[in-house]
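The structure appears right after this line, and notes come after that.
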Amino acid sequence: MSKKPSIVKGTRDFLPDVMAKRNYIFGTIKSVFEKYGFLPIETPSMETTETLMGKYGEEGDRLIFRILNSGDKLGKADAAALKEDNLAKFANSISDKALRYDLTVPFARFVVMNQNDLSFPFKRYQIQPVWRADRPQKGRYREFYQCDADVVGSDSLLYEVELVQIFDEALSNLGLTDFSIKINNRKILSGIAEVCGESEKIVPITVAIDKLDKIGKDGVVSELKERGISSAAIEKIDPLFQLNGSNQQKLDQLKDFLKESEVGLTGIEELEYVIEEATDLGLSQAKLEFEVTLARGLNYYTGAIFEVAANNVKIGSICGGGRYDDLTSLFGLDGMSGVGISFGADRIFDVMTELNLFPESALTATQVLFINFGEKEQKQSMIYAKELRSNGISCEVYPTDAKMKKQMKYANDRNIPFVVMIGSKELQEGRITFKNMVSGEQKEGDLKQLLTQFK
RNA sequence: GUGGUUGUAGCUCAGUUGGUUAGAGCGCCUGAUUGUGGUUCAGGAGGUCGUCGGUUCGAACCCGAUCUUCCACCCCA
């Protein structure tokens, strides 16, 4: 007796109908990336522990899936470390590699290793799965795909503008009509900490104000206290909660708040430029919103910070991104500024499912089914099928002369829009009968007439 | 990682204070219709009640463990 099989928590099988939709998402995003001149690369699923650990903060390290050493190597386990309760050291003695946690850090490693073969600024895109040992929830998986586009080797703000355009174009092309690209700048956050006289505590400060939406002003204030921010500093932060109006109005209010901070003002200048340029060029469906509280991925972002949220869908952010000046320096290459974005394909899938945004055309693979009436008829069908295929039309011949009802049902279940019948009568007359499965309309004719249906 | 929650047919779910043979709708299969799907009608198949263990004369139901789902933290696509 074999046990019932199962799959790992937080992972999924994808059936053909789901794959069709996923490929539609990947294809749409990919074509936008390519339109902006990004080139594809891939990196291995696993990286050395050294490459990954320490790049995402303490929380991140906990969420990295580690891969157990095999064979003799496993015998070198550091039992002493285990006894001493030094789990990190013990883990390192039995595991020297791990599954990638995102695509950005492996990309930084890739750039450093391949710098002599790349010309800069280097624009790449990468669509691959990543793994996180997180506790699954809705829209939150342990294996999911990221679609990343990054530019490395230029600090031009032109790229920030381009990436905003890419967010807008890709998501609009997918049929989303109500989403917000939220934008902030790490320099503004640094400025805020500086003005408050708590430059050291920028991380706890931003982590706390990032939650404003969720826990409200009082919640943020009490969290700031808990994190050891002085009450004088908390008072100074107060004006941030009062920001209101348009993007420009908010920036103007902030300009006053940050007038003593050079970095802060630089951040505002950068943001103003990006917002102005993107607005002038025009966005299709996206709303571009400046949000001071946005503090994603603080561990390596140094300039712009992006996040995209689908409005009216209860799911976390569907995209993220930002600029990171020092990322490759972690691997020994200085002076390489990078900026990039990431689409969360699985969450976009969930949003599109909820809003019913997949077009019928994304679900149809086979265009024509030939009904099988017997040996001779099948041979003729195969000849015609070959001709249709050479015209770029996907088609298939039913494999046996099963009952017609069964064959028709097969076409119906698979959403095949046309059925061709070549029975003894058609065979004799050298003609075909074709039926439109949507309208139910049926015609007699030849293959050319069928071909006109696809023009 | 912390606290909670869920699991019964392919799917969505009923199932009484523990009591004989666990139900419904949808889907699936067959036929009405030997050259016509999506509609209709008639019939049929399909369940070690997540898994393992315990309590009991007796467990889908009570207890424990474990796996899974979802939720709130944490964090994040």
Side-chain angles (χ1 to χ4, degrees), chain A residues 1-12 15 25 29 56-64 87 100-104 127-148 167 203 207-208 210-211 214-215 219 223 294-299 306-310 314-322 340-351 369 371-374 377 398 401-427 432-442 444:
Chain A
M1 271 279 270
S2 60
K3 259 192 187 168
K4 261 187 194 170
S6 65
I7 57 173
V8 172
K9 186 207 301 221
T11 65
R12 296 148 301 156
L15 273 60
I25 293 175
I29 292 172
Y56 310 99
E58 235 174 88
E59 274 304 311
D61 283 358
R62 203 194 77 209
L63 298 176
I64 291 172
L87 286 178
R100 75 165 96 78
Y101 175 89
D102 71 357
L103 300 179
T104 306
I127 299 178
Q128 289 190 277
V130 303
W131 293 268
R132 294 186 188 176
D134 208 353
R135 194 168 289 203
Q137 271 180 45
K138 186 187 175 115
R140 189 171 209 178
Y141 308 98
R142 296 174 97 181
E143 178 182 62
F144 61 96
Y145 272 74
Q146 288 191 331
C147 311
D148 275 29
F167 274 143
V203 174
V207 167
D210 189 40
K211 293 180 191 163
K214 222 177 198 173
I215 59 179
E223 177 144 349
L294 180 63
R296 293 278 120 171
L298 211 70
N299 283 299
F306 303 112
E307 178 174 306
V308 180
K314 209 186 146 199
I315 202 164
S317 57
I318 54 176
C319 308
I341 56 174
S342 178
F343 288 76
D346 297 84
R347 284 195 179 171
I348 292 171
F349 181 95
D350 290 346
V351 168
L369 176 74
I371 301 289
N372 191 326
F373 285 97
E377 294 88 342
Y398 200 86
D401 59 346
K403 281 184 184 160
M404 192 159 171
K405 182 184 167 106
K406 191 169 177 163
Q407 300 193 43
M408 293 297 283
K409 188 169 158 44
Y410 177 82
N412 197 56
D413 292 346
R414 301 251 331 245
N415 268 318
I416 297 173
F418 285 96
V419 157
V420 170
M421 281 162 277
I422 303 163
S424 52
K425 189 183 101 196
E426 286 87 353
L427 196 62
I432 64 171
T433 297
F434 56 92
K435 176 169 181 168
N436 180 322
M437 292 296 279
V438 180
S439 65
E441 192 188 2
Q442 190 164 314
E444 244 185 89

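As the structure is a computational prediction, the values presented were derived from the model and not from experiment. Side-chain atoms are counted along with the backbone in the values below, which use heavy atoms only and exclude waters and symmetry mates. Here is the naming used below: chain letters follow the sequence lines, and residue numbers restart at 1 for every chain.
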Provide the distance between the two P atoms, one in C63(B) and one in U17(B), to the nearest whole Å.
-> 15 Å

Hey, does Gln137(A) reach any base, or is it just sugar-phosphate, or nothing, if we go heavy atoms under 4.0 Å?
-> base

What one-letter contact string describes nucleotides 26-37 of chain B from 5' to 3', where B marks a base within less than 4.0 Å of any protein heavy atom, S marks contact via sugar-phosphate atoms alone, and - marks no contact?
-> --SS-SB--BBB

Please work out if Gly374(A) contacts a base, only the sugar-phosphate, or nothing of the nucleic acid, heavy-atom cut-off 4.0 Å.
-> nothing

Which value, in whole Å, describes the distance between the C1' atoms of nucleotides A59(B) and U48(B)?
-> 14 Å

When you measure from the side chain of Gln407(A) to the backbone N and O of Asn372(A), does any donor-acceptor pair fall under 3.5 Å?
-> yes

From CD1 (Ile29(A)) to CD1 (Ile341(A)), nearest 0.5 Å | 9.0 Å

Whole angstrom is fine here: how far is it from CD1 in Ile315(A) over to C1' in C70(B)?
-> 13 Å

Taking for each residue the nucleotide of RNA chain B bearing the nearest heavy atom, is the 5' side occupied by Lys9(A) or by Glu59(A)?
-> Lys9(A)

Please state how far atom NZ in Lys211(A) lies from atom P in C73(B), giving the value in whole angstrom units.
-> 9 Å

Counting side-chain heavy atoms from CB outward, which of A72(B), C76(B), U69(B) is closest to Arg135(A)?
-> A72(B)

Distance-only, no hydrogens or angles: does the Arg132(A) side chain make a donor-acceptor pair with backbone N or O of Tyr101(A) under 3.5 Å?
-> yes

Evaluation steps, side-chain contact (heavy atoms from CB on, under 4.5 Å), between Lys406(A) and Tyr398(A) = CA-CA 10 Å; Lys406(A) 191 169 177 163; Tyr398(A) 200 86; 4.0 Å; yes

Asp134(A) side chain vs Pro136(A) backbone, donor-acceptor pair below 3.5 Å = no

Using the C1' atom as the reference point in each nucleotide, state the distance between G23(B) and A9(B) in Å, no decimals.
-> 10 Å

Indicate yes or no for a side-chain donor-acceptor contact from Arg12(A) to the backbone of Glu143(A) under 3.5 Å, with no hydrogens or angles considered.
-> yes

Measure the distance from OH on Tyr141(A) to C1' on A77(B) and round it to the nearest whole Å.
-> 11 Å

Between U8(B) and C49(B), how far apart are the C1' atoms? Round to whole Å, please.
-> 4 Å

Inter-nucleotide P distance (A72(B), G58(B)), Å rounded = 43 Å

Give one of base, sugar-phosphate or nothing for Ser342(A), where a contact means two heavy atoms less than 4.0 Å apart.
-> nothing

Rounded interatomic separation in angstrom, taking CD1 from Ile215(A) and C1' from C74(B) | 13 Å

Rounding to 0.5 Å, atoms NZ (Lys403(A)) and NZ (Lys409(A)) come to a distance of 14.0 Å

Using the P atoms only, state how far C11(B) lies from G50(B), rounded to an integer number of Å.
-> 13 Å

Answer yes or no: does a side-chain N or O of Lys214(A) lie under 4.0 Å from OP1 or OP2 of A72(B)?
-> no

Looking only at side chains, do Glu426(A) and Thr433(A) share a donor and an acceptor under 3.5 Å apart?
-> yes

Stems with RNA chain B, 3 or more Watson-Crick or G-U pairs in a row (under 3.5 Å), are B:1-4 with B:70-73, B:10-13 with B:23-26, B:28-32 with B:40-44, B:50-54 with B:62-66

Give the intermediate values and the outcome of side-chain contact (heavy atoms from CB on, under 4.5 Å) for residues Met408(A) and Leu369(A).
-> CA-CA 9 Å; Met408(A) 293 297 283; Leu369(A) 176 74; over 6 Å; no

Take atom NZ of Lys138(A) and atom C1' of A77(B), then tell me their distance rounded to the nearest Å.
-> 15 Å

Arg132(A) CZ to G1(B) P, in whole Å, measures 17 Å

Does Arg347(A) use its side chain to pair, donor to acceptor, with the backbone of Gly139(A) at less than 3.5 Å?
-> yes

Could you tell me whether Gly139(A) contacts a base, only the sugar-phosphate backbone, or nothing, with contacts defined as non-hydrogen atoms closer than 4.0 Å?
-> base

Separation of U69(B) atom C1' from Arg142(A) atom CZ, nearest Å, is 13 Å

For G64(B) versus U21(B), give the span between their C1' atoms, rounded off to a whole number of Å.
-> 30 Å

Between the side chain of Asp346(A) and the main-chain N/O of Tyr145(A), is any donor-acceptor distance below 3.5 Å?
-> yes

Looking only at atom C1', what distance separates U55(B) and U16(B), rounded to whole Å?
-> 22 Å

When rounded to whole Å, the CG to C1' distance for the pair Leu15(A) and C11(B) reads 13 Å

